[in-house]
K.L.:
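Right, I'll just put the structure down here and ask away after.
These numbers come from a predicted model, not from an experiment.
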Amino acid sequence: MGFRIAKLIRMPSFSKTQETAKGLEVPKGYLAVYVGDRMRRFVIPVSYLSQPSFQELLNQSEEEFGYDHPMGGLTIPCGEDEFLNLTSRLN
């Protein structure tokens, strides 16, 4: 019996059309989110969605953007450092 440790995958930022053209797909069980002023793309495990600290970020995102996210994906309204700190604690 083994344990699988989820990890954060940082993907380069591209427009939605470039992502499709370059074949940057999100692996099964993961979710792409955009974070920070430069809208860096991160691919995170969907298991993060059930964590209370991550749900707080989702609530902030809903308040700021509603369901209309400018990048076409889920945009998280926090700095990259804050996001990386949170996700490192979730690992």
Side-chain angles (χ1 to χ4, degrees):
M1 181 172 168
F3 293 97
R4 183 174 160 227
I5 298 176
K7 65 177 182 177
L8 176 73
I9 304 171
R10 191 182 82 67
M11 304 294 286
S13 297
F14 292 106
S15 72
K16 189 174 183 179
T17 55
Q18 287 174 321
E19 289 173 11
T20 304
K22 299 221 182 257
L24 292 177
E25 296 180 13
V26 178
K28 186 175 182 176
Y30 287 80
L31 170 73
V33 296
Y34 296 90
V35 179
D37 295 332
R38 298 186 313 177
M39 293 296 174
R40 288 230 170 139
R41 183 175 188 252
F42 292 88
V43 178
I44 60 168
V46 294
S47 61
Y48 286 5
L49 298 176
S50 64
Q51 300 297 320
S53 55
F54 198 83
Q55 287 178 359
E56 179 59 35
L57 284 180
L58 293 176
N59 289 335
Q60 290 174 13
S61 180
E62 180 184 16
E63 288 175 13
E64 186 165 331
F65 300 109
Y67 296 105
D68 184 26
H69 293 269
M71 297 295 292
L74 182 60
T75 305
I76 305 293
C78 70
E80 287 180 48
D81 291 338
E82 179 184 350
F83 181 78
L84 291 171
N85 184 29
L86 171 70
T87 55
S88 68
R89 286 184 278 136
L90 296 177
N91 283 332

K.L.:
Check L86 against S53 and note the closest heavy-atom contact, atom names and distance.
P.N.:
CD1-OG, 3.2 Å
K.L.:
Where do M39 and Y34 come nearest, in terms of heavy atoms and distance?
P.N.:
O-CD2, 3.5 Å
K.L.:
Under the side-chain contact (heavy atoms from CB on, under 4.5 Å) rule, what do L74 and L58 come out as? Steps first, then yes or no, please.
P.N.:
CA-CA 9 Å; L74 182 60; L58 293 176; 3.6 Å; yes
K.L.:
Specify the closest pair of heavy atoms between C78 and E82, including all atoms of both residues, with the distance to one decimal.
P.N.:
CB-OE1, 3.4 Å
K.L.:
Looking at residues at least two apart in the chain, or sitting in another chain, which of them share a side chain to side chain contact (heavy atoms under 4.5 Å, CB included) with E56?
P.N.:
N59, Q60
K.L.:
If I compare all heavy atoms of L57 with all of P77, which pair ends up nearest, and what's the gap?
P.N.:
O-CD, 4.2 Å
K.L.:
Who passes side chain to side chain contact (heavy atoms under 4.5 Å, CB included) against V46, sequence neighbours left out?
P.N.:
L31, L49
K.L.:
When you look at F42 and L84, which way does the side-chain contact (heavy atoms from CB on, under 4.5 Å) test go after all the steps?
P.N.:
CA-CA 10 Å; F42 292 88; L84 291 171; 3.7 Å; yes
K.L.:
Show your reasoning for whether side-chain contact (heavy atoms from CB on, under 4.5 Å) applies to I44 and F83.
P.N.:
CA-CA 11 Å; I44 60 168; F83 181 78; 3.8 Å; yes
